[in-house]
Every structure is written in structure tokens, then in C-alpha cells.
Amino acid sequence: MNKRCTILPILLGRQGGFPLREENKWRSFLLAFTLTLMLLAFIMVLTVMAVQPSMPRQNSRDDPPEISYRPVAGDALTMVVVGRAQDGSAGDFLLIRFNPQYGQVPLAMLPPETLVTLGGERLTLSEAWERGGGVSVREALSERLGITVDRYAALSRDIFIRIAQKTGTVVFTLPYAISYERDGYSINIPAGERRLDAQDVADIFSCPVFEGGALGKSELLGDLAAAIVNQNLDAAGEKLSSGLFKLAVNLVDTDVSAADYELRRDAADFISRLDTDVSGSLAPAGTLLEGGGLELSEDYVSLIRRYFGAAA
């Protein structure tokens with residue numbers, strides 16, 4: 001059985017436009033939780049871009065709906081979502097920002113070996129998780145990237161599937177098939193355009209080896225994550241968001257509060273009604289060190305600050 005997942009991402013890079021994948025998906029839970037709560041979400045990344053990206057802008061509509069609420073700067077919120085393994089260790093780290101004032105939800109999927117700082121000490125994201133859970137991860141990312149990470153959430157595969165089943169599917173194009181074994185079962189997802197459900201997405205995230213290593217994995221999962229948000233924006237609307245938030249907040253390890261959701265409820269509904277793609281992912285760029293750590297490039301850190309807002 002081939003244990004290598006060969007998936008070559010297809011990027012739609014355009015000058016002046018944020019590189020977005022045709023289709024993506026991951027934590028629909030993320031979408032609802034994130035868009036609904038601050039429209040954060042649990043989502044991931046894209047590729048190292050040859051052009052400077054800019055987030056997608058709203059498309060004009062011939063007959064736009066009546067919108068009584070306009071988001072303000074105070075509605076913005078940044079969150080880190082941690083994928084947790086069965087043994088409690090951390091897998092992938094999704095950095096996501098709810099920025100409704102500009103109709104944007106930028107994402108960045110970071111590998112567990114990404115080097116950060118915590119109290120001036122150098123360590124990896126996985127080590128920060130072991131040191132103090134989500135709080136330490138939130139603080140370490142804030143310190144290393146020079147941004148303010150407001151909240152964290154950590155969830156397992158089973159919880160993700162349970163929540164994602166409530167939000168819908170995603171259409172995604174796999175250039176190559178994914179094939180590996182998990183828990184004695186063969187996982188086979190054919191290449192081509194497919195409609196993926198929560199189980200399919202979880203299986204993709206669980207693939208043990210990706211083409212391009214850690215950066216290739218972040219690239220693919222970021223594309224998938226952005227697609228989830230863009231194709232399931234209705235989960236952030238008034239009709240669905242309240243129930244999804246209650247389900248998510250009761251199942252997930254998080255410091256998100258009911259107040260976080262209520263304060264951004266109108267902003268999330270505003271985002272849900274936009275007739276455009278709001279999400280794009282920033283692929284991590286840097287150097288893989290001999291010791292196994294990923295040193296993010298300063299250009300990439302500057303890019304993160306551009307879209308996530310530099311700390312005051």
C-alpha cells in the first residue's frame with residue numbers, strides 16, 4: 001500500500017489578488033465556529049507565492065440585500081485552532097482572523113515544528129502546546145509574529161467530524177489520489193473534482209505523508225480550509241450560527257466565550273451574506289533546520305502582520 005499522499009496543489013495566483021485554490025476544505029466546524037463566533041474558524045494554508053497576495057475584495061452585486069449592520073474595526077478577532085491527536089499531542093496549528101470590516105478571513109496553517117518564542121525562550125509550536133496548552137500556543141504565536149492572538153481552540157478528529165457534519169460539504173479538486181492505511185483500514189480518495197464530506201476531510205488531514213513534507217502539507221490543508229469557509233458562509237448566518245456555536249463551544253477546549261460570539265453575531269451574519277470569496281490562505285515560508293525546526297522567514301512574518309494586524 002502506498003503510504004505517500006501525492007497531491008499537487010493547483011494555485012490560482014494572480015497579480016494583486018490573494019492566491020486561492022479552486023476548492024478547499026477542512027474544519028467546517030471551524031467555519032461555523034469561527035465565522036459565527038468571530039468568524040474565526042478552524043482552517044489552513046496555501047503555497048509559497050511568487051506574487052504578493054492581497055485579500056479578495058467584495059464583488060459588486062446587481063441587487064444586493066439590505067444590510068442594516070456594517071462591521072467596525074472592533075469586530076476583528078484572531079484565533080489559533082489546534083488539531084489534537086488521540087494521545088493529546090498537537091498536530092497542525094491554524095491561525096485565522098475574522099476581519100469583517102474588510103470582508104476578509106485570512107488563514108495560515110503552521111506546522112508543529114514551527115519555531116516560536118515564549119518568554120524569550122525559543123521552542124516549537126508543539127513544545128509550546130506541551131508546556132501550557134492553548135494558552136501557551138496563543139502567547140508564543142503573539143510573541144513570535146508580533147500580532148495579537150485573542151483566543152485558542154483545540155479539537156480532536158472525532159469532534160471535528162461531529163461538528164463538520166452540521167455545516168455541509170465542500171467541492172475540492174485532488175490532482176492525485178490519496179491512499180494510505182489507518183487503523184487497519186485502507187483510505188482511498190480518487191483524484192479529480194470531488195464533493196468531500198466531514199469524514200473525507202478528516203481522512204485527508206490524517207494522511208501520514210504529504211508531497212513536499214511539512215510545507216507541502218500546510219499548503220494543501222490551507223487550500224482545503226479556505227474552501228470550507230468560502231463554500232459554507234451560510235453557517236455564519238443568523239439561522240444557523242447560534243446552534244452551531246453552542247454545539248462547538250461545549251465540545252471543544254477553548255477560551256472563547258459567549259460574549260465573543262454575541263459581540264460579533266451581527267458581523268458574522270454580515271459576512272455570511274457577501275457574494276464573494278472572503279477567505280484566502282498564506283502558505284508558510286521559511287527554512288527547515290537540521291534539528292527539525294521551521295524558521296519562518298522575516299518576509300513571511302511581515303506578510304502575517306499585514307493581514308493579521310501588528311500588535312500595538
Side-chain angles (χ1 to χ4, degrees), residues 5 7 9 21 24-31 33-34 40-48 78-97 105-116 123-130 133-134 136-138 140-141 144-145 149 151-161 163-164 170 172 178 180 182 196 198 200-229 252-254 279 281-286 288 292-294 296 300 304:
C5 305
I7 305 178
R21 178 88 76 118
N24 327 110
K25 161 175 189 174
W26 169 203
R27 320 182 175 209
S28 255
F29 157 36
L30 208 173
L31 169 62
F33 186 14
T34 167
L40 307 161
F42 310 108
I43 329 174
M44 326 251 173
V45 165
L46 201 71
T47 36
V48 181
T78 298
M79 183 178 193
V80 59
V81 181
V82 183
R84 206 167 53 191
Q86 289 183 340
D87 61 3
S89 62
D92 303 296
F93 296 79
L94 171 65
L95 189 64
I96 182 166
R97 180 170 176 81
V105 184
L107 321 167
M109 168 57 66
L110 300 174
E113 53 267 53
T114 301
L115 289 168
V116 290
L123 71 174
T124 64
L125 278 174
S126 59
E127 289 170 339
W129 169 261
E130 294 171 1
S136 289
V137 170
R138 174 165 55 79
L141 281 171
R144 171 64 182 95
L145 299 176
V149 181
R151 299 288 185 268
Y152 78 86
L155 73 166
S156 66
R157 170 192 170 93
D158 291 342
I159 291 177
F160 160 68
I161 292 175
I163 300 174
V170 64
F172 188 73
I178 291 181
Y180 68 98
R182 183 178 186 277
L196 305 172
D200 295 327
V201 173
D203 287 340
I204 292 174
F205 270 71
S206 297
C207 184
V209 180
F210 287 80
E211 187 172 277
L215 293 177
K217 177 181 181 180
S218 290
E219 173 184 325
L220 173 64
L221 297 185
D223 284 348
L224 195 52
I228 293 181
V229 174
V252 176
D253 171 18
T254 181
S279 186
S281 59
L282 301 166
L288 288 169
L294 171 63
L296 297 175
Y300 180 73
I304 288 291

Non-hydrogen atoms of [X] and [Y] that approach each other most closely:
{"X": "Tyr180", "Y": "Ser206", "answer": "OH-CB, 3.4 Å"}
{"X": "Ala153", "Y": "Val252", "answer": "CB-CG1, 3.8 Å"}
{"X": "Ile304", "Y": "Ala108", "answer": "CD1-CB, 3.8 Å"}
{"X": "Tyr152", "Y": "Asp253", "answer": "OH-OD1, 3.1 Å"}
{"X": "Pro284", "Y": "Leu215", "answer": "O-CD2, 3.6 Å"}

Does the distance from a Lys or Arg side-chain N to an Asp or Glu carboxylate O, for Asp203 and Arg157, drop under 4.0 Å?
yes

How many angstroms lie between atom [atom1] of [X] and atom [atom2] of [Y], to the nearest 0.5 angstrom?
{"X": "Glu130", "Y": "Ser136", "atom1": "CD", "atom2": "OG", "value": "11.0 Å"}
{"X": "Ile96", "Y": "Thr78", "atom1": "CD1", "atom2": "OG1", "value": "9.5 Å"}
{"X": "Phe172", "Y": "Leu196", "atom1": "CZ", "atom2": "CG", "value": "7.5 Å"}
{"X": "Lys217", "Y": "Phe205", "atom1": "NZ", "atom2": "CZ", "value": "8.5 Å"}
{"X": "Leu125", "Y": "Glu113", "atom1": "CG", "atom2": "CD", "value": "9.0 Å"}
{"X": "Arg84", "Y": "Ile159", "atom1": "CZ", "atom2": "CD1", "value": "6.0 Å"}

Between [Y] and [X], is there a side-chain heavy-atom distance shorter than 4.5 Å?
{"X": "Thr124", "Y": "Pro112", "result": "no"}
{"X": "Val116", "Y": "Leu110", "result": "no"}
{"X": "Arg144", "Y": "Thr114", "result": "no"}
{"X": "Ser218", "Y": "Asp92", "result": "no"}
{"X": "Ile204", "Y": "Leu221", "result": "yes"}
{"X": "Trp129", "Y": "Val82", "result": "yes"}
{"X": "Leu296", "Y": "Leu145", "result": "yes"}

Any donor-acceptor N/O pair, Tyr300 side chain to Leu282 backbone, under 3.5 Å
yes

When you measure from the side chain of Ser279 to the backbone N and O of Val105, does any donor-acceptor pair fall under 3.5 Å?
yes

Output all residues satisfying side chain to side chain donor-acceptor pair (under 3.5 Å) with Ser156, sequence neighbours left out; order by chain, then residue number.
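Residues passing side chain to side chain donor-acceptor pair (under 3.5 Å) with Ser156: none at all.
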
